[in-house]
Amino acid sequence: QVQLVESGGGLVQAGGSLRLSCAASGRTFSDYAMGWFRQAPGKEREFVATISWSGSSTSYADSVKGRFTASRDNAKNTVYLQMNNLKPEDTAVYYCAASTAYGSVWWRDGPAAIRSWGQGTQVTVSS
């Protein structure tokens with residue numbers, strides 16, 4: 001399986017921006033669709049975004065569409081999540097995820113579709 005390590009979380013004011021990074025190792029990075037989930041205290045882990053193996057296609061949860069952008073650099077084995085216009089309700093632990101499947105399985109099956117997880121990085125948005 002691929003190993004994932006996130007970075008880039010932190011504390012930001014509402015309306016601000018953060019960029020999360022996720023470095024992968026251990027297997028062929030381009031064999032995996034990549035993406036992000038998040039989990040707020042007392043809530044279930046929820047789908048945020050996914051990007052296809054080549055990076056040519058992306059999908060987003062409605063709650064982040066137009067504000068968040070997923071991208072990847074297969075030469076660097078890294079996937080990114082650019083988060084703009086952050087809101088207090090975006091506060092959560094963000095998890096990088098890898099799956100051999102891309103598409104609706106990410107939001108339909110959620111965590112059950114994921115092969116590997118990162119350790120998580122905290123994002124806190126103050127009002």
Side-chain angles (χ1 to χ4, degrees):
Q1 291 189 358
V2 64
Q3 286 78 50
L4 306 173
V5 178
E6 301 103 334
S7 60
L11 173 64
V12 65
Q13 289 188 333
S17 298
L18 283 174
R19 188 175 83 154
L20 306 182
S21 299
C22 173
S25 63
R27 297 293 298 266
T28 303
F29 183 62
S30 58
D31 285 348
Y32 293 88
M34 300 296 298
W36 299 86
F37 285 74
R38 66 187 182 186
Q39 189 167 17
K43 295 188 176 181
E44 294 186 351
R45 195 168 297 190
E46 64 174 4
F47 166 74
V48 175
T50 183
I51 184 166
S52 63
W53 308 270
S54 67
S56 61
S57 181
T58 53
S59 296
Y60 301 93
D62 287 343
S63 58
V64 306
K65 205 169 291 184
R67 301 187 297 120
F68 289 14
T69 302
S71 61
R72 65 189 293 165
D73 186 337
N74 284 353
K76 295 183 178 180
N77 289 355
T78 302
V79 63
Y80 305 95
L81 185 67
Q82 178 66 44
M83 304 185 294
N84 297 330
N85 190 22
L86 282 159
K87 303 175 181 181
E89 52 264 42
D90 294 318
T91 295
V93 177
Y94 283 70
Y95 295 91
C96 178
S99 174
T100 55
Y102 173 73
S104 62
V105 293
W106 280 74
W107 53 87
R108 185 188 67 224
D109 296 348
I114 302 306
R115 288 284 188 93
S116 297
W117 294 98
Q119 82 284 0
T121 186
Q122 177 70 45
V123 171
T124 302
V125 184
S126 63
S127 57

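Keep in mind that this is a model prediction, so the values were computed, not measured. In what follows, residues are counted from 1 in the order of the sequence shown.
The heavy-atom pair separating N77 from N74 by the smallest distance is OD1-O, 3.1 Å. Of all heavy-atom pairs spanning G9 and V123, the tightest one is CA-CG2, 4.2 Å. Taking all atoms of both residues into account, the shortest heavy-atom contact from S54 to S56 is OG-OG, 3.0 Å.
Residue K43 qualifies as open at atom NZ: its count of foreign heavy atoms under 6.0 Å is 12 or below.
Distance check, rounded to the nearest 0.5 Å: CG of L81 to OG of S21 gives 9.5 Å. Rounded to the nearest 0.5 angstrom, K87 NZ and S127 OG are separated by 14.0 Å. Residue L4 holds its CG atom at 13.0 Å from OH of Y95, rounded to the nearest 0.5 Å. Rounding to the nearest 0.5 angstrom, the gap separating the CH2 atom in W53 from the CZ atom in R72 is 9.5 Å. Interatomic distance, CD1 of I51 versus OH of Y80, reported as 11.0 Å (0.5 Å rounding). Atoms OG1 and CE, on T78 and M34 in that order, are 9.0 Å from each other to the nearest 0.5 Å.
F37 and F47 have perpendicular rings, their planes meeting at more than 60° on a 0 to 90° scale where under 30° would count as parallel.
You'll find the side chain of W106 reaches within 4.5 Å of the side chain of I114, heavy atoms only. Side-chain contact between Q122 and T91 is present, with heavy atoms from C-beta onward closer than 4.5 Å. The side-chain heavy atoms of W36 and M83, taken from C-beta on, include no pair separated by under 4.5 Å. In this structure, the side chains of R67 and D90 come closer than 4.5 Å at one or more pairs of heavy atoms.
The one candidate from Q39, E6, R38 that meets the side chain to side chain donor-acceptor pair (under 3.5 Å) condition with Y94 is R38.
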Quiz item: Could you walk me through whether Y60 and T69 pass the side-chain contact (heavy atoms from CB on, under 4.5 Å) check?
Solution: CA-CA 8 Å; Y60 301 93; T69 302; 3.8 Å; yes
Exercise. Decide side-chain contact (heavy atoms from CB on, under 4.5 Å) for W107 and S59; before the verdict, give the C-alpha distance in whole Å, the side-chain angles of both, and the deciding distance to 0.1 Å.
Key: CA-CA 9 Å; W107 53 87; S59 296; 3.4 Å; yes
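Counting only distance, with no hydrogens or angles, the side chain of S99 and the backbone of A113 share a donor-acceptor pair below 3.5 Å.
V12 and F68 fall within the same hydrophobic cluster, where Ile, Leu, Val, Met, Phe, Trp and Tyr residues are linked whenever their side-chain heavy atoms come under 4.5 Å apart, directly or through other members. Taken together through direct or relayed side-chain contacts under 4.5 Å among Ile, Leu, Val, Met, Phe, Trp and Tyr, V2 and L20 form part of one hydrophobic cluster. In the hydrophobic clustering of this structure, V105 groups with W117; members are Ile, Leu, Val, Met, Phe, Trp, Tyr whose side-chain heavy atoms approach within less than 4.5 Å, directly or through other members.
A cation-pi geometry, defined here as NZ or CZ lying under 6.0 Å from the six-membered ring centre and within 45° of its normal, does not hold between R27 and Y32.
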